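Everything below concerns the one structure shown next.
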Amino acid sequence: MIGPRAYEEMFLTKHPKMKDLVLEHEGQRYFYSYDWEILEMFDSMIEFEVWCMEDMKERGGMYADRIEVIE
């Protein structure tokens with residue numbers, strides 16, 4: 001078993017080289033973090049963006065790293 005700080009550093013924080021893709025839809029802002037390892041699962045950055053848009057519209061951003069309400 002690992003301690004709470006190790007768990008947080010290992011699973012809950014993004015490492016410094018990650019970037020965010022930010023999308024807005026129906027009054028909410030969705031954040032998707034990515035790096036080269038995540039982009040390897042897709043053929044291109046455009047395919048990753050399309051996947052994020054589908055997640056945002058069809059699943060309500062279930063796989064988004066963070067969701068904010070836009071006022």
Side-chain angles (χ1 to χ4, degrees):
M1 182 169 186
I2 62 174
R5 180 171 171 111
Y7 179 85
E8 180 178 336
E9 290 177 2
M10 190 174 216
F11 298 111
L12 301 180
T13 58
K14 61 181 185 176
H15 62 78
K17 295 182 181 175
M18 292 191 87
K19 298 177 183 175
D20 283 329
L21 172 66
V22 182
L23 302 171
E24 294 181 4
H25 180 67
E26 295 182 352
Q28 293 186 329
R29 187 174 291 137
Y30 300 85
F31 294 83
Y32 294 90
S33 298
Y34 67 93
D35 63 357
W36 66 271
E37 292 174 333
I38 291 172
L39 292 178
E40 275 189 343
M41 295 187 291
F42 301 92
D43 291 333
S44 66
M45 180 67 182
I46 294 172
E47 188 177 310
F48 173 67
E49 290 177 10
V50 168
W51 180 85
C52 293
M53 285 187 236
E54 288 174 358
D55 176 59
M56 175 183 63
K57 292 178 182 176
E58 296 174 7
R59 294 179 287 278
M62 183 168 67
Y63 297 106
D65 294 301
R66 191 171 83 223
I67 302 173
E68 293 178 354
V69 176
I70 302 171
E71 297 187 27

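A quick note: this is a predicted structure, and the numbers were derived from the prediction, not measured. Hydrogens, waters and symmetry mates play no part in the numbers below; they use all other heavy atoms, side chains included.
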(message) Rounded at 0.5 Å granularity, tell me how far CE in Met56 sits from CD1 in Ile67.
(response)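 The CD1 atom of Ile67 is 10.5 Å from CE of Met56, to the nearest 0.5 Å.
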(request) Please name the pair of heavy atoms, one in Cys52 and one in Leu21, separated by the smallest distance, quoted to 0.1 Å. (result)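 Nearest pair, atom of Cys52 first, then Leu21: SG-CD2, 3.8 Å.
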(message) Just checking Ile46: does its CD1 atom have more than 12 heavy atoms from other residues, nucleotides or ligands closer to it than 6.0 angstrom?
(response)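 Atom CD1 in Ile46 is not crowded, with 12 or fewer foreign heavy atoms closer than 6.0 Å.
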(request) Quick one: list whatever passes ring pair (Phe, Tyr, Trp, His ring centres under 6.0 Å) with Tyr34, sequence neighbours left out. (result)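 Listed in chain order: Phe48.
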(request) Sequence neighbours left out, what passes ring pair (Phe, Tyr, Trp, His ring centres under 6.0 Å) with Tyr63? Give chain and number order. (result)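 So Tyr63 forms a ring pair (Phe, Tyr, Trp, His ring centres under 6.0 Å) with Trp51.
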(request) Step by step, work out the side chain to side chain contact (heavy atoms under 4.5 Å, CB included) result for Leu23 and Glu49. (result) CA-CA 9 Å; Leu23 302 171; Glu49 290 177 10; 6.0 Å; no
(request) Report yes or no: does Asp20 contribute a side-chain atom to a donor-acceptor pair with the main-chain N or O of Val22 at less than 3.5 Å? (result)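 A pair under 3.5 Å: no.
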(request) Give a yes or no on whether Leu39 and Tyr30 share a hydrophobic cluster (residues Ile, Leu, Val, Met, Phe, Trp, Tyr; joining criterion: side-chain heavy atoms under 4.5 Å apart). (result)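 Linked within one cluster.
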(request) Tell me whether Phe31 is reachable from Ile38 by hopping between hydrophobic residues (I, L, V, M, F, W, Y) whose side-chain heavy atoms are closer than 4.5 Å. (result)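 Ile38 does not cluster with Phe31.
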(request) Sequence neighbours left out, what passes salt bridge (charged side-chain N to carboxylate O under 4.0 Å, His left out) with Glu68? Give chain and number order. (result)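 Counting only residues at least two positions away or on another chain, Glu68 forms a salt bridge (charged side-chain N to carboxylate O under 4.0 Å, His left out) with Arg29, Arg66.
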(message) Testing the 3.5 Å rule here: is there a donor-acceptor pair between the side chains of Tyr32 and Asp55?
(response)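 Yes.
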